[in-house]
Amino acid sequence: MTVELNGVDAEYQRWTRVVADATWRLRLGAELRKGSGAAAPVLNPANGELLCDIEQASGADVDLAVERGLAAAQAWGNLTPRDRGGAVREFADILEQHQDELAWLDTLDAGLPLWMMRKDAATGIERMRMFADLGLTLSGLTIPASAGNLHLTFLEPFGVVARIIPFNHPFMFAASKVAAPLVAGNAVVLKPSELTPLSALRMAELAQDVLPDGVLSVVHGDADIGDALVRHRGIRRIAFTGSHHVGRAIQRSAAEVGVKHVSLELGGKNAMIVFPDADVDSALQAAVKGMNFAFAGQSCGSTSRILLPESLFASFTERYVSAVTAVNQGLPWTPGVQMGPMVSAAQRDRAIGFIDRARDAGARVLAGGGVPADAGAGFFVAPTVLDGVSTDMEIAREEVFGPVVSLVPFSDEDHAVRIANDVDYGLTASVWTRELARAHRVSRRLQAGYIWVNDTSTHFPGVPFGGVKLSGIGREESVDELVSYTETKAVNVVLS
Ligand code: NAD
């Protein structure tokens with residue numbers, strides 16, 4: 001994983017200098033200024049080097065962001081969805097002009113491959129435009145509830161929405177997850193992960209010429225800043241993407257200070273079931289794609305449990321191990337690299353802990369199983385495949401959020417469904433079969449919010465994404481998300 005002295009290396013040097021020399025600022029309303037909290041280091045996970053130190057927000061900064069949001073919310077909410085959508089679309093156009101820069105920032109602080117961050121940036125921008133379009137669907141009802149009178153409903157924004165996001169799609173989430181609340185007529189305070197703040201802070205600067213004062217704030221900080229936002233009296237709607245541990249802490253904090261609307265996009269321990277009649281070659285490719293190695297497995301929808309019929313187990317396992325072993329891991333800005341490091345030393349150690357405990361519990365490591373020999377000071381974990389995993393083991397039940405896959409045999413359809421559902425999570429699932437009736441039957445029986453038949457990993461625009469059980473509350477990436485940033489008001493006009 002040595003850095004080659006080529007054009008890409010020159011680009012790498014250039015962007016690390018840009019990051020080191022930049023003045024990183026929060027956006028409080030429309031004011032760009034340094035955080036008034038303590039500075040925290042931002043590291044490059046591929047080599048452990050310091051990229052920059054950034055002043056975090058203080059509680060007073062959070063107060064200011066919310067106050068400015070409240071001051072702006074009414075005028076913004078009074079615009080038509082078409083006008084708000086127009087501003088969001090214009091913002092998307094500006095971000096598109098900086099797509100490459102934003103991708104580099106994500107590659108540097110998240111350790112994710114540059115080619116994938118370019119795709120991710122495009123996805124974020126596309127989703128902003130999708131929500132701008134969906135704005136025209138925001139409408140209430142007329143209900144024939146009594147004779148001669150009018151019963152109307154209006155979808156009204158909350159005011160200021162807190163948007164708290166994780167580290168694994170830094171820009172894509174920053175961009176796409178502010179779009180729906182904005183189009184629905186709210187001001188937004190966004191808090192990116194403290195591990196990956198760069199692209200969100202840059203996005204905040206790029207909002208200057210297009211979004212009115214107060215409508216979008218971006219604060220940088222850790223759990224305390226997230227909690228300050230959640231508890232703020234001016235915030236009635238919180239949308240969170242992250243782990244169930246933090247999601248539950250947010251529900252608790254929110255309940256301690258009032259009654260707030262909380263939606264949660266949380267983790268998964270997702271099953272991919274390959275039935276004996278499946279197109280095995282395609283399933284094999286999809287099993288690699290589904291583990292999202294480009295994100296070092298740090299993806300909520302990753303199909304980290306592959307359920308195989310006993311008849312296919314040995315041959316599928318052999319081919320899968322060889323495909324996973326071939327995943328090209330290296331420095332994420334290098335062309336041809338398919339997988340970089342994990343985001344932090346803590347996430348690496350957490351993944352290694354899961355692997356070690358699985359081994360101790362009797363699982364066999366068929367590929368990877370630790371830190372690669374040439375990891376240097378980067379936070380790398382080798383793509384890892386396990387078998388001998390029983391359903392009661394921690395590795396079969398808990399989300400690793402790393403590049404670790406378990407292969408699990410099943411005897412028949414009922415058995416497969418039982419294993420798939422026998423976890424506390426329920427985010428995604430993938431069913432592989434050529435039999436139409438089985439595809440429908442099993443999809444309906446699986447306890448998960450987002451199911452693929454003969455696919456993995458793909459998110460389709462407009463199709464509601466979200467989980468059941470420990471995987472969350474609410475649906476995003478669709479009209480459901482847009483509407484979730486409004487409250488229904490009913491007006492009864494008695495005419496008779
Ligand atoms: P995390 O829960 O540790 O942190 C997420 C965000 O919450 C960060 O911005 C963090 O600073 C903030 N936070 C931490 N403590 C807080 C508190 N007490 N109050 C308010 N905010 C607080 O998650 P992570 O490690 O950044 O991301 C990984 C998790 O995210 C995984 O579980 C993954 O499955 C999940 N995830 C889910 C989806 C989805 O769409 N369902 C998408 C991506 C990631």
Side-chain angles (χ1 to χ4, degrees), residues 37 40 42 45 56-57 59 62 109-110 112 120 123-124 127 162-170 172-174 176-177 189-197 200-201 218-232 235 238-257 260 262-270 292 295-304 342-344 346-351 354 398-402 423-428 448-450 457 459 463-478 481:
V42 179
Q56 302 199 31
V62 169
D109 70 359
L112 300 167
D120 230 33
T123 301
R127 287 195 191 158
R163 241 333 191 163
I164 302 174
I165 57 172
F167 64 78
N168 61 323
H169 293 274
M172 194 272 271
F173 279 163
S176 65
K177 293 198 182 287
V189 182
L190 171 74
K191 194 200 85 60
S193 166
E194 63 275 31
L195 298 172
T196 54
L201 295 176
V218 181
V219 294
H220 163 49
D222 56 16
D224 289 344
I225 290 306
D227 193 55
L229 258 180
V230 167
R231 289 174 182 271
H232 201 289
I235 301 268
I238 300 148
F240 172 73
T241 306
S243 64
H244 73 84
H245 306 283
V246 174
R248 291 152 81 172
I250 286 174
Q251 283 185 313
R252 281 193 295 273
S253 291
E256 273 171 26
V257 295
K260 303 195 181 211
V262 179
S263 57
L264 303 172
E265 284 281 344
L266 309 177
K269 190 74 197 179
N270 311 303
N292 297 303
F295 292 87
Q298 302 164 123
S299 198
C300 55
S302 295
T303 38
S304 55
M342 299 195 66
V343 75
S344 66
Q347 290 294 326
R348 173 200 59 199
D349 296 346
R350 186 171 173 276
F354 272 107
E398 286 302 321
E399 181 190 48
V400 177
F401 213 58
V423 288
D424 292 331
Y425 296 95
L427 188 56
T428 72
Y450 202 82
S457 189
H459 288 224
V463 179
F465 185 85
V468 302
K469 295 157 71 178
L470 216 49
S471 294
I473 298 172
R475 295 293 178 271
E476 299 198 339
E477 303 175 20
S478 57
E481 178 176 350

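For the single chain, residues carry numbers from 1 onward in sequence order. Bear in mind the structure is a predicted one, so any value in this text is a computation, not a measurement. Both ligands and their constituent atoms are indexed starting at 1 by order of listing.
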Salt bridge check, Lys269 against Glu398: does any charged N sit closer than 4.0 Å to a carboxylate O?
no
Does the distance from a Lys or Arg side-chain N to an Asp or Glu carboxylate O, for Glu265 and Arg475, drop under 4.0 Å?
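Salt bridge between Glu265 and Arg475, a charged N being under 4.0 Å from a carboxylate O: no.
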Run the numbers for me: atoms of ligand 1, each under 4.0 Å from some heavy atom of [X], listed by number.
X      : value
Pro192 : 9 (O)
Gly267 : 32 (O), 34 (O)
Phe173 : 42 (C), 43 (C)
Ser193 : 9 (O)
Phe465 : 40 (O)
Ile250 : 19 (N), 20 (C)

To the nearest 0.1 Å, how far is [atom] from its closest protein heavy atom, and which atom is that?
atom                    : result
atom 44 (C) of ligand 1 : Asn168 OD1, 3.6 Å
atom 7 (O) of ligand 1  : Phe240 CE1, 3.2 Å
atom 12 (C) of ligand 1 : Ile164 CG2, 3.7 Å
atom 25 (O) of ligand 1 : Phe167 CE2, 3.3 Å
atom 1 (P) of ligand 1  : Ser243 OG, 3.7 Å
atom 20 (C) of ligand 1 : Gly226 C, 3.3 Å
atom 19 (N) of ligand 1 : Asp227 N, 3.6 Å
atom 11 (O) of ligand 1 : Glu194 OE1, 2.6 Å

Nearest 0.5 angstrom please: [X] [atom1] to [Y] [atom2], how far?
X      : Y      : atom1 : atom2 : answer
Asn270 : Ser304 : CG    : OG    : 6.0 Å
Leu229 : Leu190 : CG    : CG    : 9.5 Å
His169 : Cys300 : NE2   : SG    : 6.5 Å

Any donor and acceptor pair, going by atom type alone, linking the side chain of [X] with main-chain N or O of [Y] inside 3.5 Å?
X      : Y      : value
Glu481 : Glu477 : yes
Gln298 : Val343 : yes
Lys177 : Ala239 : no
Thr428 : Gly301 : yes
Ser302 : Ser299 : yes
Lys260 : Val230 : yes
Ser471 : Leu427 : yes

Using a 4.0 Å heavy-atom threshold (strictly under), name the region of [X] that reaches ligand 1: side chain, backbone, both or neither.
X      : answer
Leu229 : neither
Phe401 : side chain
Glu399 : side chain
Ser253 : neither

Which is closest to [atom] in terms of heavy atoms, [options]?
atom                    : options                        : result
atom 17 (C) of ligand 1 : Gly268, Gly474, Ala223         : Ala223
atom 13 (N) of ligand 1 : Ile225, Val246, Val230, Thr241 : Val246
atom 35 (C) of ligand 1 : Ser471, Ala346, Cys300, Gly242 : Gly242

Please indicate whether any nitrogen or oxygen in Asp222 is less than 3.5 Å from any nitrogen or oxygen in ligand 1.
no
With nothing but distance in play, are any N or O atoms of Ile165 less than 3.5 Å from an N or O of ligand 1?
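Yes: some nitrogen or oxygen of Ile165 is under 3.5 Å from one in ligand 1.
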Could you walk me through whether Arg127 and Met172 pass side chain to side chain contact (heavy atoms under 4.5 Å, CB included), step by step?
CA-CA 9 Å; Arg127 287 195 191 158; Met172 194 272 271; 3.5 Å; yes
Just do the side chain to side chain contact (heavy atoms under 4.5 Å, CB included) check on His220 and Glu194 with the steps written out, would you?
CA-CA 6 Å; His220 163 49; Glu194 63 275 31; 4.2 Å; yes
Quick check on Gly467 - does any of its heavy atoms sit under 4.0 Å from an atom of ligand 1?
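Not so, Gly467 does not reach ligand 1.
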Measuring from the heavy atoms of Gly301, does anything fall under 4.0 Å of ligand 1?
no
Measure centre to centre between the rings of Phe401 and Phe167, then say whether the value is under 6.0 Å.
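Phe401 vs Phe167: aromatic centres under 6.0 Å.
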